[in-house]
Amino acid sequence: MTDTSTRFREFKMPDVGEGLTEAEILKWYVQPGDTVTDGQVVCEVETAKAAVELPIPYDGVVHELRFEEGTTVDVGTSIITIDVAPGSGDAAPAAAEPAAPAVEEEAKPQGRTPVLVGYGVAESSTKRRARKGTPAVPEQAAPQPAAAAIQAEMNGHGGTGTATAARPLAKPPVRKLAKDLGIDLATVTPTGPDGVITREDVHAAAAPAPAPVQPAPVQPQAAPAEPVAGVQPAPVAAGARETRIPIKGVRKAIASAMVGSAFTAPHVTEFITLDVTRTMKLVDELKADPDMAGLRVNPLLLIARALLVAIRRNPEVNAAWDEANQEIVLKRYVNLGIAAATPRGLIVPNIKDAHDKTLPELAAALGELVSTAREGKTTPVAMQGGTVTITNVGVFGVDTGTPILNPGESAILAVGAIKLQPWVHKGKVKPRQVTTLALSFDHRLVDGELGSKVLADVAAILEQPKRLITWA
């Protein structure tokens, strides 16, 4: 008989960033009974930094999914059980974690510390849904009637007996979907085997238009349950006037970081409006250059290069404030952050060692960074260690803004829309391509003179892009 301690393998929630303690399960790509192979992606999770797909390190058959979609799980907690020796017996894993008793939520212990990838923590603060009935028991060798077995599985407890109509048959993820969409499962017509309600059944029930609102005044309805982060808010009932979206994941991290930055680093923002007609002509010439074939060539590329040259001329701007050690850390490298709007919120991945890259290399790095961000595949590592950032508000038609520093960085450059405007050129008013730049900097590190020099250098390069060569 196969040893259950070696037959069943537990895959634990890894630390997919530096020191993260929890992650939310966004989506399962497998279900119990599915065959998986080493390296296959089994789920997508969201941390405070990004959404990440997790590959399984085993070959075998999925025995159990420990948590539903939408559940926040501690790093080091088992999330899926894999049967690596299927067909060798019916025994359940000896070390399987029992289902939680009927509790709403476990209190999170104080004094948590980061953990290493794949290693557990002393106590668990995983938030579970309340389960009714008794804790789960190992699978029985004796067969149960099909409907009764399914009812036991759906209700989260074992045992025998006949199925009742007291609770519709549906798996936990389907129940979560129904709750998000505000659908009462008792009103859904099942089409699955043995009367089980499927995802398609829930979507079908949600498809018809909502019933017309009664003419008599009604009180506002409560918003549906929390939507999973990264998707559109759940539809609200007729008459509802508010939708509540939980603050979590990337959005929660952004809010926390921006508040911390705004109230920790004294911000100063300076502005300059300039003629970038020559830069726009150079962009057109580079697009036709064979050496730049297949690369993303746009004004942002030359603005990034101009900022890198300005930092080389004024290296003190590329620094960080170390509060713990009461030191200013001058950095001899530039990890250039590029703010990117994604469906999950604003993220700032950075180009490592951007100061060492040639123009074609910088163009390739920018193209890859933008494409990865749009696909939602940016990794936590790509967002760590930034030194200076560019945010391009001009793509939204905005002239300028006062950007907030990313925590740990000394400066951020906002690029406004490039527009054809009347401009005095060689003593005459002519239509020219004009934009406005805004540089915010940490006044603890960067005084007004240094900040002004950096902004003026960037502007001078963009007005006369030949300085990319003469000043480099």
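One is the number of the first residue; the rest follow in order along the sequence.
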Would the distance check show the side chain of [X] and the main-chain N or O of [Y] forming a donor-acceptor pair, the cut-off being under 3.5 Å?
X	Y	result
Asn325	Glu327	no
Thr372	Thr378	no
Glu285	Leu282	no
Glu463	Ala460	no
Thr277	Gln433	yes
Asp353	Asp356	no

Taking the basic N atoms (NZ, or NE/NH1/NH2) and the acidic carboxylate oxygens, is any pair closer than 4.0 Å for [X] and [Y]?
X	Y	value
Asp399	Lys419	yes
Glu64	Arg66	yes
Arg296	Glu368	no

>> Return the CG to CD1 distance between Asn335 and Ile351, rounded to the nearest 0.5 Å.
In response: 9.5 Å
Indicate the atoms forming the closest heavy-atom contact of [X] with [Y], along with that distance.
X	Y	result
Val454	Asn314	CG2-CB, 3.8 Å
Gln40	Val30	NE2-CG1, 3.9 Å
Ala354	Leu362	CB-CD1, 4.4 Å
Ala319	Ile328	CB-CG2, 4.1 Å
Val75	Pro14	CG2-O, 3.8 Å
Cys43	Trp28	CB-CE3, 3.6 Å

> Going through the distances and angles, do Thr273 and Thr436 end up as a side chain to side chain donor-acceptor pair (under 3.5 Å)?
Replying inline: CA-CA 4 Å; Thr273 301; Thr436 299; 3.0 Å; yes
>> Can you tell me which residue among Ile183, Val188, Leu185 is in a side chain to side chain contact (heavy atoms under 4.5 Å, CB included) with Asp201?
In response: Val188
> Should Glu24 and Thr72 be marked as a side chain to side chain donor-acceptor pair (under 3.5 Å) after you check the CA-CA gap, both sets of side-chain angles, and the distance that decides it?
Replying inline: CA-CA 4 Å; Glu24 178 186 352; Thr72 299; 4.8 Å; no
>> Strictly by salt bridge (charged side-chain N to carboxylate O under 4.0 Å, His left out), give each pair with a member in residues 421-446 just once, sequence neighbours left out.
In response: Asp275-Arg432, Asp442-Arg444
With side chains defined as the heavy atoms from C-beta onward, is the minimum distance between [X] and [Y] less than 4.5 Å?
X	Y	answer
Val73	Glu22	no
Ile311	Val317	yes
Thr391	Val415	no

> Should Lys377 and Glu53 be marked as a side chain to side chain contact (heavy atoms under 4.5 Å, CB included) after you check the CA-CA gap, both sets of side-chain angles, and the distance that decides it?
Replying inline: CA-CA 8 Å; Lys377 304 299 183 183; Glu53 291 182 335; 3.0 Å; yes
>> Tell me if the NZ atom of Lys453 is crowded by more than 12 foreign heavy atoms within 6.0 Å.
In response: no
